[in-house]
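Data first, discussion second: the structure below is written as structure tokens.
By convention here, the first residue in the shown sequence is residue 1.
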Amino acid sequence: LTDPIAPSAAVISGNATICDGNNSNLVVSITGGASPFNVNLSDGTNIPSYTSGDNILVTPASTTVYSISAVIDANGCVSSSNTGTATINVSNPSASSAIGTDVSTCGASDGEIVIAGMSGAINGNYEFSVDGGSNYTNDNPVTGLSAGNYDVWVRDADNNTCAAQV
């Protein structure tokens with residue numbers, strides 16, 4: 001009789017920054033044992049019939065740090081060493097208001113918009129657009145504006161794919 005060989009190591013990887021509502025992939029690399037594996041993650045996710053190196057799709061609602069709780073192979077043997085963490089940062093920029101100050105005289109370009117109540121950026125750094133998202137600046141207030149209506153957006157300066165209309 002032979003004793004099946006248990007998985008000797010499992011390592012998780014896949015750090016990423018995503019926009020709220022998007023997804024990312026984690027990967028668990030498993031050494032030894034018999035495939036397929038049952039992988040349990042620290043957030044309660046269970047991945048049955050997993051093959052080492054396959055992508056694990058996750059869609060966290062907020063920043064989440066994942067680690068491996070358990071890896072069990074096809075023979076029921078448990079991994080003796082689970083290491084690593086994978087952090088998925090979730091960016092969800094928003095602002096509560098955009099307040100305009102009118103130009104001083106006819107034809108002037110000295111109006112400004114102050115964007116207030118920002119939240120949701122990973123590191124608290126924001127950029128602002130007053131032209132519907134075509135051009136961004138980190139200046140707040142946004143100055144040098146002519147009279148008119150403006151389509152104001154805020155985005156995470158460290159993950160500039162995540163933007164929201166104010």
Side-chain angles (χ1 to χ4, degrees), residues 10-30 38-71 82-166:
V11 179
I12 192 169
S13 61
N15 294 335
T17 298
I18 62 173
C19 300
D20 184 37
N22 290 354
N23 53 50
S24 187
N25 288 307
L26 306 175
V27 174
V28 176
S29 300
I30 304 166
N38 187 11
V39 176
N40 296 310
L41 301 179
S42 56
D43 73 331
T45 301
N46 178 38
I47 305 98
S49 301
Y50 181 76
T51 301
S52 180
D54 282 356
N55 286 331
I56 301 169
L57 187 68
V58 294
T59 310
S62 60
T63 296
T64 304
V65 178
Y66 296 90
S67 61
I68 302 168
S69 298
V71 173
N82 302 320
T83 60
T85 59
T87 302
I88 307 299
N89 291 301
V90 178
S91 177
N92 186 17
S94 66
S96 60
S97 66
I99 302 163
T101 301
D102 291 336
V103 296
S104 59
T105 61
C106 293
S109 294
D110 60 356
E112 67 180 33
I113 296 176
V114 176
I115 298 98
M118 286 84 63
S119 65
I122 298 298
N123 295 314
N125 300 317
Y126 299 90
E127 293 179 326
F128 312 96
S129 171
V130 293
D131 62 4
S134 296
N135 298 290
Y136 281 86
T137 179
N138 58 2
D139 296 334
N140 187 15
V142 180
T143 59
L145 302 175
S146 302
N149 294 318
Y150 291 90
D151 189 9
V152 180
W153 286 77
V154 60
R155 76 177 178 188
D156 185 337
D158 298 314
N159 183 21
N160 63 17
T161 59
C162 304
Q165 189 171 15
V166 179

Roughly how far, to the nearest 0.5 Å, is the OG atom of Ser24 from the CG atom of Asn15? 9.0 Å
Mind listing the closest non-hydrogen atom pair of [X] and [Y] along with its distance?
| X | Y | value |
| --- | --- | --- |
| Ala10 | Val28 | CB-CG1, 4.2 Å |
| Ile122 | Asp156 | N-OD2, 3.0 Å |
| Ile88 | Leu26 | CD1-CD2, 3.9 Å |

Any Val142 side-chain heavy atom under 4.5 Å of Tyr150 side chain: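 No, too far: nothing below the 4.5 Å cut-off.
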Tell me, do Thr105 and Val103 make a side-chain contact under 4.5 Å, heavy atoms counted? no
Using only heavy-atom distances, determine whether the side chains of Ser67 and Thr85 contain a donor-acceptor pair under 3.5 Å. no
Do Ser29 and Ser52 have side-chain atoms, one donor and one acceptor, less than 3.5 Å apart?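 Side-chain D/A pair, Ser29 to Ser52: absent.
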For Thr17 and Asp158: C-alpha separation, side-chain torsions, deciding distance, then whether side chain to side chain contact (heavy atoms under 4.5 Å, CB included) applies. CA-CA 9 Å; Thr17 298; Asp158 298 314; over 6 Å; no
Check each of Leu41, Leu57, Asn38 against Ile47 using the side-chain contact (heavy atoms from CB on, under 4.5 Å) test, and report the only one that passes.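 In the set Leu41, Leu57, Asn38, the residue that makes a side-chain contact (heavy atoms from CB on, under 4.5 Å) with Ile47 is Leu41.
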For Phe128, does the six-membered ring have the charged nitrogen or CZ of Arg155 within the cation-pi criterion, i.e. under 6.0 angstrom from the centroid and within 45° of the normal? no
Derivation and outcome, side chain to side chain contact (heavy atoms under 4.5 Å, CB included), residues Thr87 and Thr63: CA-CA 7 Å; Thr87 302; Thr63 296; 4.2 Å; yes
Run the numbers on Ser69 and Asn40 for side chain to side chain donor-acceptor pair (under 3.5 Å), then give the verdict. CA-CA 5 Å; Ser69 298; Asn40 296 310; over 6 Å; no
